[in-house]
Amino acid sequence: MIIPHTHNSSSIVRVRFAPSPTGPLHLGGIRTALYNYLFAKKYGGTFLLRIEDTDRKRFVPNSESYILETLKWCQIEPDEGVGYGGDHSPYYQSQRGEIYRVYIKKLLEEGHAYYAFDTDQELHVKRKEFHDRGFTFSYNADFRMHLNNSLTMTRKQLSDQLNSCSSYVIRFKIQPGEKLKMHDIIRGNIVVHTDHLDDKILLKSDGVATYHLANTIDDHLMKITHVIRGEEWLPSMSLHLLLYRALGWIPPKFAHLPLILRNDGKGKLSKRNIESLNFPIYPLQWKDPETKNIITGYRELGYFPEAFVNMLALLGWSPGGKKEIFSLKELINFFSLEKITKSGVFFNISKANWFNKQYLKKKKEEILSYLYKKLKKRSLFYEEDYLSKVIHLTIDRVHFVHEIWKHSFYFFISPSSYEKKFFHKICDQRIIDQLEFWKISLSNINQFTSVHLRLFLFFQTKKNEKKRHQIMQLLRIALVGELKGSDLFIILEMIGKKESIRRIDNLMKKIKEKINNGNGFF
RNA sequence: GGCCCAUUCGUCUAUUGGUUAGGACAUCAGGUUUUCAUCCUGGAAAGAGGGGUUCGAUUCCCCUAUGGGCUACCA
């Protein structure tokens with residue numbers, strides 16, 4: 001009988017998002033956080049945030065606040081960890097050195113780790129030598145007995161070496177000859193032979209633990225049940241499993257997420273060379289503390305966090321079925337690690353825009369307040385009813401709140417210019433005569449409603465469709481400035497008789513000016 | 001080079017041995033419309049290749065190819 005993968009109260013889910021503070025989060029990072037969050041919430045578990053700052057050289061100021069702000073904006077805030085407290089502090093790896101030291105000592109004593117004194121330079125030379133001869137150098141069982149480490153020393157030699165203050169690292173001793181059988185929730189069974197592994201450094205010469213060690217110890221101590229991380233970590237899963245075993249701990253379950261790939265050429269998404277990408281990769285604007293360059297984010301571009309999260313959730317995961325719009329609650333409800341895709345994914349900005357549009361349709365309030373602000377700047381005031389009508393008439397044309405103005409300005413102000421090509425064509429005395437005729441006709445209409453106006457104009461031109469077409473284009477240019485926009489008669493009704501006539505006058509004036517100036521030249 | 005992972009329309013994906021291989025975005029055509037956009041209808045568009053297993057493979061296995069990751073005293 002197959003026992004399904006279930007989670008109950010006896011196995012409380014605890015997951016972590018563990019970024020390193022080397023700059024802003026990108027699409028891939030935030031998606032990893034999202035999946036961790038969804039998984040935790042689905043099983044009533046805990047989502048914790050740990051900062052993996054074991055590499056001091058790569059530290060970038062403001063990264064942490066950026067990460068915190070991003071999670072907040074996406075509404076996937078941690079329950080525990082940096083910025084949220086908890087029983088397992090500190091949540092910065094840089095503050096956990098004492099803890100790591102305890103376990104390093106244990107590994108050393110039990111023969112799972114050893115001191116190594118080879119310098120960076122020596123190893124570099126060795127690697128190059130091997131490479132030139134067509135071989136691969138690996139610090140492993142084949143070579144460690146020929147290198148400068150505690151395995152090749154007597155006790156005395158070792159203590160002398162250590163006392164002489166020469167710098168050293170501590171390496172993990174991999175036992176060769178084993179077929180390691182592992183399981184990944186997304187990928188299934190994976191087998192790696194330990195012969196292919198090398199003796200990874202656990203403690204760097206500056207006394208700081210490497211990611212591998214810190215990560216393993218922290219995940220255990222913080223009672224992490226599921227490690228959900230990017231696929232770039234898949235090759236280290238064997239190392240981590242071996243570390244759990246050496247420390248006598250039960251490992252968590254692993255799920256390695258497919259990578260988000262660059263669609264401009266090669267490689268995984270990263271913070272490098274983002275200029276060549278045709279889409280933004282940061283959720284929030286990032287100001288580089290060194291260069292002061294500002295790189296825009298999805299928030300600044302006008303994406304709603306809900307749309308952003310929805311889009312991201314479906315990039316590498318699908319619950320099946322045809323539904324695509326999911327609230328965060330629904331995402332939590334439908335989420336499952338098993339349904340995450342295995343292959344790398346390409347990001348599609350037009351789909352992201354489509355998602356935003358779906359959410360925009362439900363956000364009339366936000367557009368309303370945006371219009372209010374926009375109008376207030378011009379000292380214009382309109383009734384909410386009027387604004388609502390405008391929004392109703394134009395919302396289908398936009399993907400973002402800020403786009404509403406360029407599609408609705410003509411309900412509030414006269415066009416500031418006329419479409420050049422068309423305007424050029426209508427610079428003619430006959431056009432002025434026509435406009436004059438329609439201006440008078442319109443001013444004589446008492447019921448200035450779209451229904452009446454439509455009837456009137458259609459009646460007037462019932463024998464000449466071409467003419468109707470032409471006059472409507474003329475009026476549209478007068479009202480909007482270009483051959484675009486909402487229903488002409490509705491615009492007329494909305495802005496009213498007085499304003500309509502004023503705009504027709506404006507156009508006539510501009511045509512006259514053009515005719516007069518033009519004559520001087522030709 | 002070594003090790004690992006992956007491979008369904010252009011993109012995101014559904015379909016876990018029997019389907020006309022479904023949907024969404026994008027794209028194209030037609031319709032609606034005074035215009036643009038929307039909207040509606042429709043089209044084109046996919047199982048990398050080769051071997052097996054099987055009555056039958058997109059689905060299972062192997063090989064090749066391609067893509068990706070890792071191969072640091074980076075995470």
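Letters A, B, ... are given to chains in the order of the sequence lines, protein chains preceding strands, and every chain is numbered from 1. Just so it is clear, the model here is predicted, and its values are computed rather than measured. Computation of the quantities below employed the complete heavy-atom set of this structure, encompassing side-chain atoms and omitting hydrogens, waters and symmetry-equivalent molecules.
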Let me check something: any side-chain donor-acceptor pairs from residues 448-461 of chain A under 3.5 Å, sequence neighbours excluded? List them with distances.
from	atom 1	to	atom 2	distance (Å)
A:T449	OG1	A:H452	N	3.3
A:T449	OG1	A:H452	ND1	2.9
A:S450	OG	A:E493	OE1	3.2
A:H452	NE2	A:Q447	OE1	3.0
A:R454	NH1	A:D487	OD2	3.3
A:R454	NH2	A:D487	OD1	3.2
A:R454	NH2	A:D487	OD2	3.2
A:T461	OG1	A:L457	O	2.8
A:T461	OG1	A:R468	NE	3.1

Study note, to complete from the structure: Residues at least two apart in sequence or cross-chain that pass side-chain contact (heavy atoms from CB on, under 4.5 Å) with A:H193, listed by chain then number, are A:K179, A:D195, A:H196
Review point. For B:rG1, does either OP1 or OP2 sit under 4.0 Å from a side-chain N or O belonging to A:T136?
Key: no
Check your understanding: For B:rA72, does OP1 or OP2 lie under 4.0 Å from any side-chain N or O of A:K200?
Key -> no
Check your understanding: Of all residues at least two apart in sequence or in a different chain, which pass the side-chain hydrogen bond (donor to acceptor under 3.5 Å, both in side chains) check with A:Y418?
Key -> none
Review point. With a distance cut-off below 6.0 Å to the six-membered ring centre and an angular limit of 45° from the axis, does A:K362 pair with A:Y359 as a cation-pi contact?
Key: yes
Review point. Does one side chain, of A:H256 or A:R229, offer a donor that lies under 3.5 Å from an acceptor on the other?
Key: yes
Point to revise | Check: A:W233 ring centre within less than 6.0 Å of A:Y211 ring centre | key: yes
Study note, to complete from the structure: Expected list for residues 400-417 of chain A near RNA chain B, using heavy atoms below 4.0 Å, is none
Review point. Which nucleotide in the set B:rG68, B:rA75, B:rA6 lies at the smallest distance from any side-chain heavy atom of A:S20?
Key: B:rA75
Practice item. Give one of base, sugar-phosphate or nothing for A:D132, where a contact means two heavy atoms less than 4.0 Å apart. Key: nothing
Review point. Of the nucleotides B:rC70, B:rU35, B:rC73, which has the atom closest to the A:R476 side chain?
Key: B:rU35
Revision key, fill the gap. By side-chain hydrogen bond (donor to acceptor under 3.5 Å, both in side chains), A:R245 pairs with (sequence neighbours left out) A:E178
Check your understanding: With respect to the side chain of A:I201, which nucleotide from B:rC5, B:rA72, B:rU35 is positioned closest?
Key -> B:rA72
Check your understanding: Which comes earlier along RNA chain B counting from the 5' end, the contact point of A:V191 or that of A:D206, where each point is its nearest nucleotide?
Key -> A:V191
Point to revise | Selected nucleotide, minimal atom distance to A:K204 side chain, candidates B:rG69, B:rC73, B:rA6 | key: B:rC73
Under 3.5 Å between N/O atoms: give me all the protein pairs with nucleotides 38-45 of chain B, atom names plus distance.
from	atom 1	to	atom 2	distance (Å)
B:rU38	O2'	A:D396	OD2	2.9

Review point. Which value, in whole Å, describes the distance between the P atoms of nucleotides B:rA57 and B:rG50?
Key: 14 Å
Check your understanding: Across the strands shown, which category fits A:G230 at heavy-atom distances under 4.0 angstrom: base, sugar-phosphate, nothing?
Key -> nothing
Study note, to complete from the structure: Among the nucleotides B:rA75, B:rU7, B:rU13, whichever has the atom closest to the side chain of A:S318 is B:rU13
Point to revise | side-chain N/O A:R133 vs B:rG1 OP1/OP2, d < 4.0 Å | key: no
Between side-chain atoms of residues 317-326 of chain A and protein atoms elsewhere (two or more places apart, or another chain), which donor-acceptor pairs fall under 3.5 Å?
from	atom 1	to	atom 2	distance (Å)
A:W317	NE1	A:S336	O	3.3
A:S318	OG	A:G320	N	3.0
A:K323	NZ	A:I325	O	2.9
A:K323	NZ	A:E330	OE2	3.3
A:E324	OE2	A:K351	NZ	3.0

Practice item. Can you sort out the partners of A:F308 under ring pair (Phe, Tyr, Trp, His ring centres under 6.0 Å), two or more places apart, ordered by chain and number? Key: A:W73, A:Y298
Study note, to complete from the structure: Side-chain contact check for A:K484: nearest option of B:rC74, B:rC36, B:rU8 is B:rC36
Point to revise | Rounded interatomic separation in angstrom, taking NE2 from A:H193 and P from B:rU71 | key: 21 Å
Review point. Under the ring pair (Phe, Tyr, Trp, His ring centres under 6.0 Å) test, which residues partner A:Y103, sequence neighbours left out?
Key: A:W249
Practice item. Report the residues that fulfil side-chain contact (heavy atoms from CB on, under 4.5 Å) with A:F130, sequence neighbours left out, ordered by chain and then residue number. Key: A:K126, A:R133, A:F135, A:F137, A:F143
Review point. Side-chain donor-acceptor pair under 3.5 Å between A:E122 and A:N148, yes or no?
Key: no
Review point. Of all the nucleotides listed (B:rU7, B:rC5, B:rU11), which has the minimum atom distance to the side chain of A:S343?
Key: B:rU7
Review point. Are A:K339 and B:rU13 close enough that a side-chain N or O sits under 4.0 Å from OP1 or OP2?
Key: no
Practice item. List the protein contact pattern of nucleotides 23-33 of chain B with one symbol per nucleotide (5' to 3'): B for base contact, S for sugar-phosphate-only contact, - for none; contact means a heavy-atom distance under 4.0 Å. Key: SBBS-------
Point to revise | Donor-acceptor pair (no angle test) under 3.5 Å: A:R58 side chain, B:rC74 base | key: yes
Check your understanding: At under 4.0 Å, does any side-chain N or O of A:T341 touch on OP1 or OP2 of B:rU13?
Key -> yes
Review point. Does A:V60 have any side-chain contact (heavy atoms from CB on, under 4.5 Å) partners at least two apart in sequence or in another chain, and if so, which?
Key: A:S63, A:W286, A:P289
